[in-house]
Protein chains: 2
Amino acid sequence: MIELYDKDKIVNILKGYSIRVTPNRLKVAEIILNSEVHPSIDEIHTILTKSGKNISFTSVYNIIKMFQSAGIVKEIKSKDRSRYDANLKPHSHFICKNCGRVFDVDMEITNSNFPTSINGMSVDSLEVTYYGLCSECNNDNKDN
Amino acid sequence: MIELYDKDKIVNILKGYSIRVTPNRLKVAEIILNSEVHPSIDEIHTILTKSGKNISFTSVYNIIKMFQSAGIVKEIKSKDRSRYDANLKPHSHFICKNCGRVFDVDMEITNSNFPTSINGMSVDSLEVTYYGLCSECNNDNKDN
DNA sequence: GTATCTGCAAATGTTTTGCACTCCA
DNA sequence: TGGAGTGCAAAACATTTGCAGATAC
């Protein structure tokens with residue numbers, strides 16, 4: 001994992017969203033901002049717990065939902081559970097049908113010129129999602 | 001609701017997928033094939049129950065999952081639950097952030113020229129989803 | 001001190017499974 | 001009579017909430 005955001009940057013990001021900085025929020029922000037495979041709430045909790053950082057599932061939940069409201073992260077509905085994506089530059093997603101992990105894909109369809117209204121429905125965002133097997137699950141398949 | 005598929009057509013569709021025709025399967029297929037707002041399993045069950053057609057939730061579940069395996073319907077992960085779309089011509093979806101209902105949108109991005117491989121991941125489908133408020137929820141908002 | 005933050009434990013709601021019963025070839 | 005179809009009741013999960021105690025400003 002490439003550490004794109006260090007503690008100082010994360011503190012500034014949270015402050016930029018008027019979110020008070022707490023140790024728990026830093027922990028969660030660090031994971032979500034630096035993760036390539038957008039983790040679920042459960043996975044964030046597991047990652048932190050395994051690395052000795054104590055936090056409850058509920059707190060991860062509260063923090064992620066707060067980040068979501070603030071606009072720091074976006075919810076991605078994957079195979080079985082929601083995953084969360086730090087929402088910085090426009091991009092698409094690849095969802096693995098087997099493991100459910102979500103990978104970023106460079107945006108190929110411009111996000112700027114989608115219709116703002118379709119049949120009386122007001123459109124505020126557009127998502128492009130690719131589905132298939134990730135490289136890891138592809139290899140697992142070959143082994144069988 | 002425009003009745004696009006009558007019983008005979010549905011029987012043929014099921015047979016085309018080598019699915020044995022039973023009264024329950026006909027009921028579910030009729031709903032899912034002729035629905036504009038792609039219903040959830042629960043909604044299909046409710047629609048049938050309210051119209052006096054007896055079927056259990058489990059059977060709707062079994063049938064939808066069988067249709068999904070066969071390729072008749074596709075799962076759409078909406079707001080809180082999965083919805084199911086009879087998968088006939090390529091199109092996009094509009095998901096209402098408020099009520100979670102899913103509406104069809106004429107495909108604007110061609111489904112044919114997406115990459116078959118991205119960074120070792122094999123791509124087999126592409127979905128374009130618009131998010132916003134449907135016309136009904138738009139109106140509800142105005143009333144407040 | 002008081003509002004915020006945290007987290008246990010329980011509730012909720014959807015999805016899934018186990019198993020027994022029914023039905024028809 | 002046996003395999004497929006059905007459905008009740010319960011399990012399995014992810015998600016969400018209530019509430020009480022801890023923390024920080």
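This structure is a prediction, so every number in the text was calculated from the model and none was measured. Order of the sequence lines fixes the chain letters, A, B, ..., with proteins taken first and strands second; residue numbering starts at 1 for each chain.
- Distance, A/E75 CD to D/dT16 C1': 12 Å, rounded to whole Å.
- Among the protein residues, A/S40 comes within range of no part of the nucleic acid, since none of its heavy atoms lies under 4.0 Å from any strand.
- Rounded to whole angstrom, the span from the CZ atom of B/F57 across to the P atom of C/dG13 amounts to 14 Å.
- Atom-to-atom, CG of B/N62 to C1' of D/dC8 comes out at 12 Å; the value is rounded to the nearest Å.
- Counting any heavy atom pair closer than 4.0 Å across all strands shown, B/I55 reaches sugar-phosphate atoms only and no base atom.
- Closest to the side chain of A/S59, from the set C/dT16, D/dG5, C/dT6, is C/dT6.
- Between A/T22 and C/dC5 there is no side-chain N or O to OP1 or OP2 distance below 4.0 Å.
- Residue A/R81 places none of its side-chain N or O atoms closer than 4.0 Å to OP1 or OP2 of D/dC13.
- Look at A/R25 and you'll find a side-chain N or O under 4.0 angstrom from OP1 or OP2 of C/dC5.
- For CG of B/D124, the number of neighbouring non-hydrogen atoms (other residues, nucleotides, ligands) closer than 6.0 Å is greater than 12.
- The separation between B/I64 atom CD1 and C/dT16 atom C1' is 15 Å, rounded to whole Å.
- Rounded to an integer number of Å, the gap from CD1 of A/I76 to P of D/dT15 is 13 Å.
- Residue A/S56 has a polar side-chain atom (N or O) positioned under 4.0 Å from OP1 or OP2 of C/dG7.
- No donor-acceptor distance shorter than 3.5 angstrom exists from the side chain of B/S122 to the backbone of A/G132, with no hydrogens or angles considered.
- Rounded to an integer number of Å, the gap from NZ of B/K27 to P of D/dG5 is 15 Å.
- Using a cut-off of 4.0 Å between Lys/Arg side-chain N and Asp/Glu carboxylate O, A/R83 and A/E75 are scored as not salt-bridged.
- Contact annotation: A/N24 side-chain N/O to C/dG7 OP1/OP2 distance is under 4.0 Å.
- Atom CD1 in A/I63 sits about 16 Å away from atom C1' in D/dT15, given to the nearest Å.
- When the side-chain nitrogen and oxygen atoms of A/Y61 are compared with OP1 and OP2 of D/dT15, none of them lie within a distance under 4.0 Å.
- For C/dC8, neither phosphate oxygen OP1 nor OP2 lies less than 4.0 angstrom from any side-chain nitrogen or oxygen of A/T58.
- Atom-to-atom, CG of A/D80 to P of C/dT16 comes out at 9 Å; the value is rounded to the nearest Å.
- Remark: the backbone N or O of B/S40 is paired with a side-chain donor or acceptor of B/E43 at under 3.5 angstrom.
- Both A/V21 and B/N54 lie close to DNA chain D; mapped to their nearest nucleotides by heavy-atom distance, the more 5′-ward contact belongs to B/N54.
- Contact annotation: the side chain of A/L26 approaches that of A/K7 to within less than 4.5 Å [non-hydrogen atoms, C-beta and beyond].
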